[in-house]
Amino acid sequence: MTTHSPRIVDLSETQPNTRRGGDLRAVLTPTAVGATSGFMGLAIVPPGESIAEHYHPYSEEFVYVVKGLLEVDLDGETHSMSPDQGLMIPLNVRHRFRNVGNEEARMVFHLGPLAPRPELGHVDTEHVEEAAEQGRPPERTGAVS
């Protein structure tokens, strides 16, 4: 077993992942720092863009909005999120994020526990093109508190 020492990882060391929309940066991961319980990163979402709907069969997802205005659909129900708000998304809850503001949105995310294999961690339920078509906000049904 490999032992890792504490390590600071700069965002500039990460690779952009735009496959689901936005720019998702995995910062603290098993590969980068030897994490064994989950991973953490930053989602950067330009105005008008979204992160396509997906769910996690093995992990809870914790998100914290640092900058910007987002809408999140949780199993089809829309909620608004703004800076200094956090959200825990339980296992198997379908979710999609949309930047509904006029500035870049930044959201810290953490998923844990880890899936048995990385490719099992996310289940996509739409493609980026479909998410873009969801740009018209559905009727609001509640606010995340």
Side-chain angles (χ1 to χ4, degrees), residues 6-145:
R7 179 171 181 267
I8 295 172
V9 178
D10 191 87
L11 189 64
S12 67
E13 297 176 57
T14 65
Q15 295 298 312
N17 177 346
T18 58
R19 185 164 59 106
R20 287 185 186 86
D23 178 357
L24 306 178
R25 302 290 185 110
V27 179
L28 303 176
T29 66
T31 304
V33 298
T36 59
S37 63
F39 67 95
M40 195 234 29
L42 180 69
I44 304 166
V45 186
E49 289 195 21
S50 61
I51 298 171
E53 182 181 87
H54 62 283
Y55 67 91
H56 310 282
Y58 295 95
S59 307
E60 296 173 328
E61 183 169 7
F62 299 85
V63 299
Y64 182 81
V65 178
V66 177
K67 176 182 175 185
L69 300 174
L70 294 167
E71 283 186 343
V72 56
D73 296 333
L74 302 170
D75 280 342
E77 191 170 319
T78 302
H79 304 270
S80 297
M81 292 189 73
S82 55
D84 297 331
Q85 290 184 321
L87 166 68
M88 191 280 284
I89 303 169
L91 298 177
N92 296 312
V93 171
R94 293 176 295 113
H95 52 285
R96 158 193 315 115
F97 292 92
R98 284 183 302 282
N99 181 341
V100 295
N102 296 323
E103 68 175 337
E104 172 184 274
R106 287 183 170 234
M107 175 180 69
V108 174
F109 61 87
H110 176 271
L111 283 91
L114 294 170
R117 294 191 317 270
E119 66 274 12
L120 299 176
H122 288 77
V123 177
D124 293 318
T125 54
E126 70 182 355
H127 298 289
V128 172
E129 298 78 26
E130 293 172 279
E133 292 171 9
Q134 297 291 330
R136 183 178 53 82
E139 181 178 300
R140 293 176 195 253
T141 55
V144 174
S145 55

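Keep in mind it's a predicted model, so treat the numbers as computed, not measured.
- The backbone N or O of Thr14 sits less than 3.5 Å from a side-chain atom of Arg25, completing a donor-acceptor pair.
- Counting heavy-atom neighbours within 6.0 Å of Arg7 CZ, excluding the residue itself, gives a total above 12.
- Closest approach of Pro57 to Gly121, counting heavy atoms only: CD-O, 3.7 Å.
- With rounding to the nearest 0.5 angstrom, the OH atom of Tyr55 is 6.5 Å from the CG atom of Asn92.
- Put simply, the side chain of Val72 does not reach to within 4.5 Å of the side chain of Thr78, judged on heavy atoms.
- Considering every non-hydrogen atom in both Leu91 and Glu60, the closest pair reads CD2-N, 3.8 Å.
- The OH atom of Tyr64 sits 9.0 Å away from the CD atom of Gln85 when rounded to the nearest 0.5 Å.
- Between Leu120 and Tyr58, the shortest heavy-atom contact is O-CD1, 3.7 Å.
- Counting heavy atoms from C-beta outward, Val27 and Asp10 have side chains that stay 4.5 Å or more apart.
- Pro47 is not listed as a side-chain neighbour of Asn102, based on a closest heavy-atom distance of 4.5 Å or more.
- What you find for Gly68 and Pro83 is that their closest heavy atoms are O-CD, 3.1 Å.
- Screening residues 78-95 for salt bridge (charged side-chain N to carboxylate O under 4.0 Å, His left out), with sequence neighbours left out, gives Glu53-Arg94, Asp75-Arg94.
- Listed by chain and residue number, His54, His56 satisfy the ring pair (Phe, Tyr, Trp, His ring centres under 6.0 Å) test with His122 (two or more places apart in sequence, or in another chain).
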Chi angles and distances behind the side chain to side chain contact (heavy atoms under 4.5 Å, CB included) call for Met107, Leu70: CA-CA 9 Å; Met107 175 180 69; Leu70 294 167; 3.9 Å; yes
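- Counting all heavy atoms, side chain and backbone alike, Ala35 lies closest to Leu114 at O-CD1, 4.1 Å.
- Expressed to the nearest 0.5 Å, how far NZ of Lys67 lies from CG of Asn99 amounts to 10.0 Å.
- Atom-to-atom distance recorded for Ile44:CD1 and Asp23:CG is 4.5 Å, nearest 0.5 angstrom.
- Across all non-hydrogen atoms, the minimal contact from Ser50 to Val45 is N-CG1, 4.1 Å.
- A donor-acceptor distance shorter than 3.5 angstrom exists from the side chain of Ser59 to the backbone of Pro113, with no hydrogens or angles considered.
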Thr29 and Met40: side chain to side chain contact (heavy atoms under 4.5 Å, CB included), yes or no, with the steps? CA-CA 7 Å; Thr29 66; Met40 195 234 29; over 6 Å; no
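- Glu61 is listed as a side-chain neighbour of Phe109, based on a closest heavy-atom distance under 4.5 Å.
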Run Leu87 and His79 through side chain to side chain contact (heavy atoms under 4.5 Å, CB included) and show every step you take. CA-CA 10 Å; Leu87 166 68; His79 304 270; over 6 Å; no
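- Checking side-chain atoms of Glu77 against main-chain N and O of Leu74 turns up no donor-acceptor pair under 3.5 Å.
- Taking the six-membered ring for Trp and thresholds of 30 and 60 degrees, His110 and Phe62 have ring planes inclined between 30 and 60 degrees apart.
- Other residues, nucleotides and ligands place more than 12 heavy atoms under 6.0 Å from the CG atom of Leu11.
- Side-chain contact between Ile51 and Arg96 is absent, with no heavy-atom pair separated by less than 4.5 Å.
- Under a 3.5 Å cut-off, the side chain of Thr18 and the backbone N or O of Gly21 do not form any donor-acceptor pair.
- Met88 has its side chain out of reach of Val63: every pair of non-hydrogen atoms, C-beta onward, lies at least 4.5 Å apart.
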